[in-house]
Amino acid sequence: MLIGEFSPSIDAKGRLHFPAKLREDLGERFIVTKGLDNCLFVYSPEGWAELEAKIKALPMSRSRMLQRFFFAGAVEVEPDRQGRILIPANLREYAGLDREVMVIGASVRAEIWDAARYHAVNDAVSAQDVAQAMDELGF
């Protein structure tokens, strides 16, 4: 399970030191793609295969948009000896990544966020929002 918050930075070449704890759970190679809320999603090969299978199971009328969104800009990355991954320019631009970022574990995937956007999104979630969601889950 992917959990935790980490605040590495991206260097001028677009390299991000990916947290060791998350690398352990994702494996030697993993997939980075556009995510929701203008962040990047990071999947293990197994998680990526599961996402792909679910999207492929949809009728073409519903899946084509998802296929384009998730697969067209996706890249497979392998951390270097220092644990860095290269985030391509198109993905950095999509997520608004400049220098300060947040990498979080989100259960079945990791997410890479611009730090300011991550904090703004989280600050907008109220205790009442969480309580309502927990009620819907039966907690």
**Q.** Linked, directly or transitively: Leu91 and Tyr118 (ILVMFWY side chains, under 4.5 Å)
**A.** no

Q: Answer yes or no: is there a side-chain heavy-atom contact under 4.5 Å between Arg84 and Lys13?
A: no

Q. In this structure, are over 12 heavy atoms from other groups packed under 6.0 Å from Asn122 atom CG?
A. yes

Q) Do Phe41 and Val32 come within less than 4.5 Å of each other through their side chains, counting heavy atoms only? A) no

**Q.** Minimum heavy-atom distance between Asp80 and Gln82, given as atom pair plus value
**A.** OD1-N, 2.9 Å

Q. Do Glu50 and Tyr43 have side-chain N/O donor and acceptor atoms under 3.5 Å apart?
A. no

(Q) Let me confirm one number: the CZ-CD1 distance from Arg99 to Ile10, rounded to the nearest 0.5 Å. (A) 9.5 Å

Q. Is the number of heavy atoms from other residues, nucleotides or ligands within 6.0 Å of CD (Glu78) greater than 12?
A. yes

Q | Reported CD1-to-CE distance for the pair Ile112 and Met102, which is rounded to 0.5 angstrom | A | 12.0 Å

Q | Nearest-0.5 Å distance, CG of residue Leu40 to CG of residue Leu97 | A | 5.5 Å

Q) Is the centre of the Phe6 ring less than 6.0 Å from the centre of the Phe18 ring? A) no

Q) Nearest 0.5 Å, what's the CD1-OG distance between Ile31 and Ser44? A) 9.0 Å

Q. How long is the span from the OG atom in Ser9 to the CD atom in Glu100, to the nearest 0.5 Å?
A. 5.5 Å

Q) What's in the same ILVMFWY side-chain cluster as Met1, cut-off under 4.5 Å, chained through other members? A) Ile3

Q: Show the numbers, then the answer: is there a salt bridge (charged side-chain N to carboxylate O under 4.0 Å, His left out) between Arg109 and Glu111?
A: CA-CA 7 Å; Arg109 69 178 178 274; Glu111 296 178 353; 2.8 Å; yes

List the atom pairs, donor and acceptor, that lie under 3.5 Å between side-chain atoms in residues 63-75 and the rest of the protein, sequence neighbours left out.
{"from": "Ser63", "atom 1": "OG", "to": "Pro59", "atom 2": "O", "distance (Å)": "3.4"}
{"from": "Arg64", "atom 1": "NH1", "to": "Ser61", "atom 2": "O", "distance (Å)": "2.9"}

Q | Trp113 vs Asp37 side-chain heavy atoms within contact, under 4.5 Å | A | yes

Q: Kindly work out whether a path of hydrophobic side-chain contacts (I/L/V/M/F/W/Y, heavy atoms less than 4.5 Å apart) joins Leu86 to Phe30.
A: no

Q.
For the backbone of Ala89 and the side chain of Tyr94, can you confirm whether one donor and one acceptor N or O come within less than 3.5 Å of each other?
A. no

Q. Any link between Leu36 and Val42 through a network of hydrophobic side chains (Ile, Leu, Val, Met, Phe, Trp, Tyr) touching at under 4.5 Å?
A. yes

**Q.** Over all atoms of both residues, closest heavy-atom pair of Arg92 and Gly14
**A.** NH1-CA, 3.4 Å

**Q.** pair Ile104-Leu22: side-chain heavy atoms closer than 4.5 Å
**A.** no

(Q) Do Pro8 and Val103 make a side-chain contact, defined as non-hydrogen atoms from C-beta onward lying under 4.5 Å apart? (A) yes

Q) How many angstroms lie between atom CD of Glu93 and atom CG of Asn38, to the nearest 0.5 angstrom? A) 11.0 Å

Q. Between Ile85 and Arg15, is any pair of side-chain heavy atoms under 4.5 Å apart?
A. no

Q.
Applying salt bridge (charged side-chain N to carboxylate O under 4.0 Å, His left out) as the test, list every pair that has at least one member in residues 112-138; sequence neighbours left out.
A. none

